[in-house]
Amino acid sequence: MRPFKDRSQAGELLAERLVELGYDQQPNLLVFGLPRGGVPVAFQVARRLGAPLEVWVVRKLGTPGHEELAMGAIASGGGRVLNQEIVDSLQISAQTIAAVEQQQLAELQRREQLYRGHRPFPDLRGKTVLLVDDGLATGATMKAAIAAARQKKPARLVVAVPVAPPDTVAEIQALVDEVVCLITPPFFQAVGLWYEHFPQTSDEEVLALLQAARPSGASARPVPFDAG
C-alpha cells in the first residue's frame with residue numbers, strides 16, 4: 001500500500017498535521033500551491049486552515065536531452081536557482097541555460113496569466129506564507145519559490161509537503177523557518193511512487209480549485225501580468 005491515495009487525500013492528511021502544529025490559529029496566513037500538482041494538495045490545506053489559497057508559479061529548467069533532470073528552476077517574482085553541480089558535471093553552457101530559461105519563462109508567464117487573471121499578487125509583508133507542493137525530489141522548484149518569496153519579505157516562510165527525501169528536507173530547512181513533511185523515505189526515487197493515483201494535474205483542475213477557493217463573486221477576467 002502506498003501511503004497516499006491521491007493528492008486530495010494527501011492534502012487532507014497534511015492539513016491535519018498543520019492543525020496539530022497550530023497553523024489553524026495562525027493569523028495572517030496565506031497558502032500557496034505550486035502548480036500544477038501542488039494546487040490540489042494546497043486546496044485541502046487552505047480549506048482546513050481557513051486561509052486564502054494562492055498560486056506560486058514555478059518552472060523546472062530541464063537538462064537538454066534529459067528534461068526530467070532539473071538543472072535549475074524559476075518562479076514568479078524573479079526567483080531563480082541553478083544546480084551548479086549538474087551544470088558543471090554536464091558542462092552545460094551559459095547559452096544553453098539562457099535558451100531553456102527563456103522558453104520556460106514564456107510558459108511561466110502564460111500560467112501566471114491564466115491562473116491569476118486580474119488579481120494582484122498579495123502583499124506578503126507581515127504574513128505567514130505556506131508553500132505547498134505534492135512532494136519534493138531535488139527541491140529545485142521549491143527553492144526557486146522560496147527565493148522569490150524571500151524578496152517579498154514575509155514575516156514567516158514555511159514549506160509543507162506530503163513526501164520528500166531526507167536530504168532534500170534538510171536542504172529546504174536551511175532556507176525557511178519550518179518544513180512540515182509527513183514522510184521522508186530514505187529510498188525515495190520519485191514523488192509519484194508514493195501515491196496510488198498520480199495523474200498529471202490539468203490547467204482546468206487548477207482553475208476549478210482556485211475558483212472554488214475564492215469568495216463568492218470574485219472574477220477571473222485575465223489582464224496583462226506584471227511579474228515584478
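Residue indices begin at 1 and follow the sequence shown. Here the structure is a predicted model, which means the values were calculated and not measured.
In this structure, Arg116 contributes its side chain and Val55 its backbone to a donor-acceptor pair below 3.5 Å. The main-chain N or O of Ala137 is found under 3.5 Å from a side-chain atom of Thr168 such that the two form a donor-acceptor pair. For Lys5 (side chain) and His197 (main-chain N/O), no donor-acceptor pair under 3.5 Å exists by modelled atom type. Arg150 places no side-chain N or O within donor-acceptor distance of the main-chain N or O of Ala145, the cut-off being under 3.5 Å. With hydrogens and angles disregarded, a donor-acceptor distance shorter than 3.5 Å links the side chain of Asp177 to the backbone of Leu157. Using modelled atom types, one side-chain atom of Ser89 and one backbone atom of Glu85 make a donor-acceptor pair closer than 3.5 Å.
The CG atom of Leu14 lies 8.5 Å from the SG atom of Cys181; values are rounded to the nearest 0.5 Å. To the nearest 0.5 angstrom, Trp194 atom CH2 is 7.5 Å from Phe188 atom CZ. Here Glu16 contributes atom CD and Leu21 contributes atom CG; the two are 11.5 Å apart, rounded to the nearest 0.5 Å. Taking CD of Gln44 as the reference point, atom CD of Glu12 lies at 4.5 Å (rounded to 0.5 Å). Residue Leu61 holds its CG atom at 11.5 Å from CD of Glu67, rounded to the nearest 0.5 Å. Separation of atoms NZ (Lys60) and CG (Leu69) is listed at 8.0 Å; rounding is to 0.5 Å.
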Show your working on side-chain contact (heavy atoms from CB on, under 4.5 Å) between Leu114 and Val206 and close with a plain yes or no. CA-CA 10 Å; Leu114 179 64; Val206 171; over 6 Å; no

Are Leu182 and Val163 close enough, and set up right, to give a side-chain contact (heavy atoms from CB on, under 4.5 Å), and what steps lead you there? CA-CA 6 Å; Leu182 297 181; Val163 58; over 6 Å; no

Give the C-alpha distance, both sets of side-chain angles, the deciding distance and a yes or no for side-chain contact (heavy atoms from CB on, under 4.5 Å) between Ile74 and Val58. CA-CA 6 Å; Ile74 56 175; Val58 291; over 6 Å; no

Evaluation steps, side-chain contact (heavy atoms from CB on, under 4.5 Å), between Val129 and Arg156: CA-CA 6 Å; Val129 170; Arg156 198 158 184 264; over 6 Å; no

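Two residues are said to be in side-chain contact when any heavy atoms from C-beta on lie closer than 4.5 Å; Val87 and Gln84 meet this criterion. Using a 4.5 Å cut-off on side-chain heavy atoms (C-beta onward), Gln173 and Glu178 make no contact. Between Arg59 and Glu101, the closest side-chain pair of non-hydrogen atoms is not below 4.5 Å. Side-chain atoms of Leu13 and Gln9, non-hydrogen and from C-beta on, do get closer than 4.5 Å to each other. Put simply, the side chain of Val31 does not reach to within 4.5 Å of the side chain of Pro52, judged on heavy atoms. Looking at Glu54 and Arg119, their side chains come closer than 4.5 Å, going by heavy atoms from C-beta outward. Under the 4.5 Å side-chain criterion, counting only non-hydrogen atoms from C-beta, Leu136 is in contact with Ile172. Considering only heavy atoms from C-beta on, Asp24 stays 4.5 Å or farther from Leu18 through its side chain.
A 6.0 Å sphere centred on CD of Gln102 holds no more than 12 heavy atoms belonging to other residues, nucleotides or ligands.
Of all heavy-atom pairs spanning Gly77 and Gln151, the tightest one is O-OE1, 3.3 Å. Of all heavy-atom pairs spanning Ala164 and Pro185, the tightest one is O-CD, 3.7 Å. Heavy-atom minimum distance, Pro35 versus Val57: CD-CA, 3.9 Å. A pairwise comparison of heavy atoms in Pro40 and Arg7 identifies CB-CB, 3.9 Å as the closest pair. Heavy-atom minimum distance, Arg80 versus Leu82: NH2-CD1, 3.6 Å. Closest approach of Ala70 to Ala140, counting heavy atoms only: CB-CB, 4.0 Å.
Using modelled atom types and a 3.5 Å distance limit, the side chains of Tyr195 and Asp134 yield no donor-acceptor pair. Residues Arg110 and Gln113 bring no donor and acceptor atom of their side chains to less than 3.5 Å of each other.
In this structure, Val81 is not a member of the same hydrophobic cluster as Ile146, with clusters built from ILVMFWY side-chain heavy atoms closer than 4.5 Å.
Contacts classified as ring-ring contact (aromatic ring centres under 6.0 Å, His included) and involving residues 126-178 (residues at least two apart or in different chains) are not found. Applying the ring-ring contact (aromatic ring centres under 6.0 Å, His included) rule to pairs touching residues 26-50 yields Phe32-Trp56, Phe32-Phe121, sequence neighbours excluded. Identified under the ring-ring contact (aromatic ring centres under 6.0 Å, His included) test for residues 127-152, with sequence neighbours left out: none.
Tested against Leu30 for a side chain to side chain contact (heavy atoms under 4.5 Å, CB included), the candidates Leu124, Leu53, Asp123, Thr128 yield a single pass: Leu124.
With respect to Arg36 and Glu205, no salt bridge is recorded, no charged nitrogen being found less than 4.0 Å from a carboxylate O.
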